[in-house]
Amino acid sequence: MEMRRFSYWESELPPEPLPPRDLPRRVDRLIVGAGFMGRWLAYFLSKRAQPARTLVIDRDRFSYGASSRNAGFLTCGQVSEMLSDVQHAGIDSVVDTFLQRRQGIAIVRREFPDFDIEDCGSTDYDEVTDDKRELLAQLNQAAGEEIYTVRAGRIGNDVRPTVFNKADGALHPVKLMRVLQGRASSAGFEFGVKALRVAEGKAELETPAGRHELEYGRAFICTNSFAGELDAASDVQPGRGQVIVTSPVRTRTDRTLGYLNAGYDYFRFVDDRLLLGGGRDRFKAEHGTRELRPTEEVREYLKQVAAEVLGHDDWQVEHQWAGIMGFVGGKHLGGSPRRKIDDRTEVIAGFGGMGVALTPLVAERIVMEDLV
Ligand SMILES: Cc1cc2nc3c(=O)[nH]c(=O)nc-3n(C[C@H](O)[C@H](O)[C@H](O)COP(=O)(O)OP(=O)(O)OC[C@H]3O[C@@H](n4cnc5c(N)ncnc54)[C@H](O)[C@@H]3O)c2cc1C
């Protein structure tokens with residue numbers, strides 16, 4: 001088995017999975033997958049006046065997909081990417097997703113006002129075209145405030161016109177996942193437990209102690225790019241994202257979130273290091289794979305981009321990892337993450353590169369309608 005390559009955020013994970021406990025034979029709500037989606041659902045279920053008996057399981061010791069291995073951008077989107085989304089998904093879908101991401105960000109802030117969010121904004125360094133100016137005016141109008149402005153931005157040795165988004169921020173994803181688990185007080189979390197079959201009120205689980213059967217009232221399958229293993233008709237397709245983190249580094253680059261190459265390449269600063277991800281559009285092997293192994297080719301590409309971002313190459317790569325995103329229909333935008341398998345079982349998966357902002361909104365909506 002491939003050795004786990006820990007993400008920067010995962011350095012604080014327990015070294016070994018917790019020993020398995022006795023699993024219940026029946027629960028009201030079963031959540032498969034303890035990424036952001038599963039944890040936000042468990043959190044909102046726990047907040048209900050009469051919390052349901054909820055069990056969250058994950059086959060990993062913590063979570064092993066996208067949530068603990070992403071970039072931690074709490075973002076409502078950047079204009080270059082949205083401009084290209086307009087071509088295939090249409091302006092209404094782009095504006096709607098932008099507003100949903102804004103609502104999701106507002107939920108994170110509302111539910112955890114003391115949680116550390118770096119209010120750094122984001123900068124889109126691609127050329128500012130007339131099309132972009134038009135789109136940012138539409139987005140500002142939809143938001144009812146001036147979120148996007150054109151201003152000079154510094155990247156490496158260059159100063160250029162950029163689109164700045166004042167509403168975006170950054171967080172430590174694993175810290176937020178832990179907070180969610182801690183506050184999901186009525187939910188039990190069991191790790192190292194894999195769902196083999198979940199349908200029509202019955203789940204078959206594989207645990208370190210052997211097979212276990214469980215009955216449930218409702219189940220939510222939140223396994224993202226792995227949804228197809230439990231739902232043969234799933235149209236959630238995988239895409240690997242790779243990230244590097246440098247040694248501590250000096251630079252004159254603006255300390256905002258940064259986007260290049262229509263959002264395919266992205267960066268932020270964390271503990272005086274550059275965290276940079278991307279390359280997915282350039283390397284075929286990043287599409288369709290669920291393999292969590294990072295590659296040498298993408299590392300070399302990310303190093304070139306990092307030198308441009310920092311303006312020099314006096315640094316080393318200290319971390320590299322991969323995470324797997326899920327895309328509904330293989331597309332970045334336009335599909336619904338919700339798919340009913342039967343009256344009791346639903347898949348909630350496929351947030352692409354937007355799950356940090358979107359999962360709280362989707363979870364809150366599901367729990368509001370889950371009155372059974
Ligand atoms: C490199 C990278 C960078 C990203 N950057 C950002 C960003 O900056 N901002 C943003 O908003 N989004 C970003 N994303 C996307 C974001 O991380 C995802 O949209 C989000 O984490 C999805 O959460 P999830 O809970 O749906 O899925 P996941 O986090 O993938 O969780 C699925 C879980 O299901 C578990 N599982 C799978 N099968 C089974 C089974 N049979 N039984 C039990 N457990 C199972 C897995 O172990 C996993 O823990 C990024 C993604 C990647 C890969």
Side-chain angles (χ1 to χ4, degrees), residues 4 7-9 30-42 55-78 101 104-105 108 122 168-174 176-177 180 189-198 203-207 219-231 236 238-244 257 259 263-268 275-280 286 289-290 292 294 298 302 320-328 332 337 347-360 362-363:
R4 186 189 191 118
S7 76
Y8 191 70
W9 321 112
L30 172 67
I31 296 172
V32 182
F36 270 124
M37 190 61 227
R39 284 170 199 250
W40 274 109
L41 266 178
L55 175 67
V56 184
I57 58 164
D58 199 288
R59 63 184 175 188
D60 184 59
R61 72 177 69 169
F62 181 74
S63 175
Y64 202 31
S67 297
S68 59
R69 306 174 70 75
N70 60 37
F73 286 23
L74 194 57
T75 169
C76 52
Q78 46 89 27
R101 291 168 91 173
I105 293 171
V108 180
S122 71
D168 282 355
L171 51 75
H172 187 309
V174 166
L176 182 56
M177 291 168 84
L180 286 167
F189 281 73
E190 293 294 341
F191 296 96
V193 177
K194 178 178 176 179
L196 300 175
R197 190 179 170 278
V198 183
E204 194 180 333
L205 312 179
E206 186 179 77
T207 82
F220 302 103
I221 299 176
C222 308
T223 55
N224 201 18
S225 61
F226 307 98
E229 292 175 14
L230 296 168
D231 171 24
V236 178
R240 183 168 58 191
Q242 298 195 38
V243 176
I244 59 168
L257 309 181
Y259 293 106
Y264 277 107
D265 301 335
Y266 49 89
F267 64 89
R268 66 182 274 197
L275 178 157
L276 186 139
R280 229 167 43 79
E286 303 311 292
T289 181
R290 291 185 180 82
L292 277 145
V298 175
L302 295 179
Q320 185 193 6
W321 69 87
I324 311 293
M325 287 172 259
F327 296 91
V328 180
H332 165 70
V347 175
I348 329 254
F351 295 94
M354 311 182 203
V356 181
L358 283 180
T359 51
V362 172

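Atoms within a ligand are numbered from 1 in the order they appear, just like the ligands themselves.
- Contact check on E229 versus R290 returns no salt bridge, with no Lys/Arg side-chain nitrogen under 4.0 Å from an Asp/Glu carboxylate oxygen.
- Listed by atom number, the atoms of ligand 1 under 4.0 Å from G241 heavy atoms are 1 (C).
- The option with the heavy atom closest to atom 19 (O) of ligand 1, from among A363, G355, A34, is G355.
- Below 3.5 Å of separation, one finds an N or O of F36 facing an N or O of ligand 1.
- Nearest to atom 12 (N) of ligand 1 among the protein's heavy atoms is G353 O, 3.1 Å.
- Residue contact annotation: G72 has a non-hydrogen atom under 4.0 Å from ligand 1.
- In this structure, N224 contributes its side chain and M325 its backbone to no donor-acceptor pair below 3.5 Å.
- Scanning the protein for heavy atoms near atom 11 (O) of ligand 1, the closest one is V356 N, 2.8 Å.
- Here the closest non-hydrogen pair linking P238 and T289 is CB-O, 3.4 Å.
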Item to check | From CA spacing to verdict: side-chain contact (heavy atoms from CB on, under 4.5 Å), V56, R39 | outcome: CA-CA 8 Å; V56 184; R39 284 170 199 250; 5.7 Å; no
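- Protein heavy atom nearest atom 26 (O) of ligand 1, with residue, atom name and distance: M37 CB, 3.7 Å.
- The part of V243 lying near ligand 1 is the side chain, judged by heavy-atom distances below 4.0 Å.
- The protein heavy-atom contact nearest to atom 42 (N) of ligand 1 is A195 N, 2.9 Å.
- The closest protein non-hydrogen atom to atom 4 (C) of ligand 1 is N70 CB, 3.1 Å.
- Distances from atom 1 (C) of ligand 1 to the heavy atoms of E229, R69, E206 show the closest one on R69.
- For R268 against L257, the heavy-atom pair with the smallest separation is CB-CD2, 3.8 Å.
- Among protein heavy atoms, the minimum distance from atom 15 (C) of ligand 1 is reached at G352 O, 3.1 Å.
- By heavy-atom distance, the residue among T223, V236, L358 lying nearest atom 36 (N) of ligand 1 is T223.
- Looking at G38 next to ligand 1, no N or O pair under 3.5 Å apart turns up.
- Within the 4.0 Å heavy-atom shell around ligand 1 one does not find W321.
- Rounding to the nearest 0.5 angstrom, the gap separating the CG atom in L292 from the OG atom in S7 is 11.0 Å.
- From F73, atom CZ reaches atom OH of Y259 across 5.5 Å, with rounding to the nearest 0.5 Å.
- A donor-acceptor pair under 3.5 Å links the side-chain atoms of S68 to the main chain of S63, judged by distance alone.
- Counting only distance, with no hydrogens or angles, the side chain of R69 and the backbone of Y64 share no donor-acceptor pair below 3.5 Å.
- Close contacts of ligand 1 with N224, meaning ligand atoms under 4.0 Å from a residue heavy atom, involve 22 (C), 26 (O), 27 (O), 28 (P), 30 (O).
- The residue among G326, S68, S67 with a heavy atom at the shortest distance from atom 21 (O) of ligand 1 is S67.
- Considering backbone and side-chain N/O atoms, F73 comes within less than 3.5 Å of an N/O atom of ligand 1.
- Applying the side-chain contact (heavy atoms from CB on, under 4.5 Å) test between E190 and each of D58, L55, L205 identifies L55 as the sole match.
- Below 4.0 Å from some heavy atom of G65 lie the following atoms of ligand 1, by number and element: 30 (O).
- Backbone and side-chain nitrogen or oxygen atoms of Y64 are examined, and one is located within less than 3.5 angstrom of a nitrogen or oxygen of ligand 1.
- Shortest non-hydrogen contact noted between P173 and N70 is CG-OD1, 3.3 Å.
- Under 4.0 angstrom from ligand 1, the non-hydrogen atoms of C222 all belong to its backbone.
- Heavy-atom proximity to G323, at under 4.0 Å, picks out these atoms of ligand 1: 53 (C).
- For the pair M325 and ligand 1, the shortest N or O to N or O distance does not fall below 3.5 Å.
- When all heavy atoms of S67 and F36 are compared, the pair lying nearest together is OG-N, 2.8 Å.
- Residue contact check: V193 has heavy atoms under 4.0 Å from atoms 43 (C) of ligand 1.
- Residue V32 forms a side-chain contact (heavy atoms from CB on, under 4.5 Å) with just one option from V347, V198, I348, and that option is V198.
- Remark: I31 CD1 to L41 CG distance equals 5.0 Å, nearest 0.5 Å.
- Closest heavy-atom approach to atom 28 (P) of ligand 1 within the set A66, G277, P294, G33: this belongs to A66.
- For ligand 1, the atoms closer than 4.0 angstrom to any heavy atom of A71 are 3 (C), 4 (C), 5 (N), 6 (C), 8 (O).
- Among all protein heavy atoms, the one lying closest to atom 44 (N) of ligand 1 is R59 N, 3.2 Å.
- Those atoms of ligand 1 with a heavy atom of I324 less than 4.0 angstrom away are 53 (C).
- The closest protein non-hydrogen atom to atom 47 (O) of ligand 1 is D58 OD1, 2.7 Å.
- Within a 6.0 Å sphere centred on CZ of F189, heavy atoms belonging to other residues, nucleotides or ligands number more than 12.
- Within ligand 1, the atoms closer than 4.0 Å to a non-hydrogen atom of S63 are 48 (C), 49 (O), numbered from 1 in the order shown.
- Scanning both residues, G104 and P360, for their nearest heavy atoms gives O-CG, 3.8 Å.
- No donor-acceptor distance shorter than 3.5 angstrom exists from the side chain of D60 to the backbone of F191, with no hydrogens or angles considered.
- Residue contacts with ligand 1 for R240 are absent, since no atom lies close enough (heavy atoms, distance under 4.0 Å).
- The distance from atom OH of Y266 to atom CG of L276, rounded to the nearest 0.5 Å, is 8.0 Å.
- Shown here for R59 and F226, the closest heavy-atom pair between the two residues is NH2-CD2, 3.1 Å.
- Only the backbone of M354 comes within 4.0 Å of ligand 1, counting heavy atoms alone; no side-chain atom from C-beta on gets that close.
- On a distance-only criterion, Y266 and ligand 1 share no N/O pair closer than 3.5 Å.
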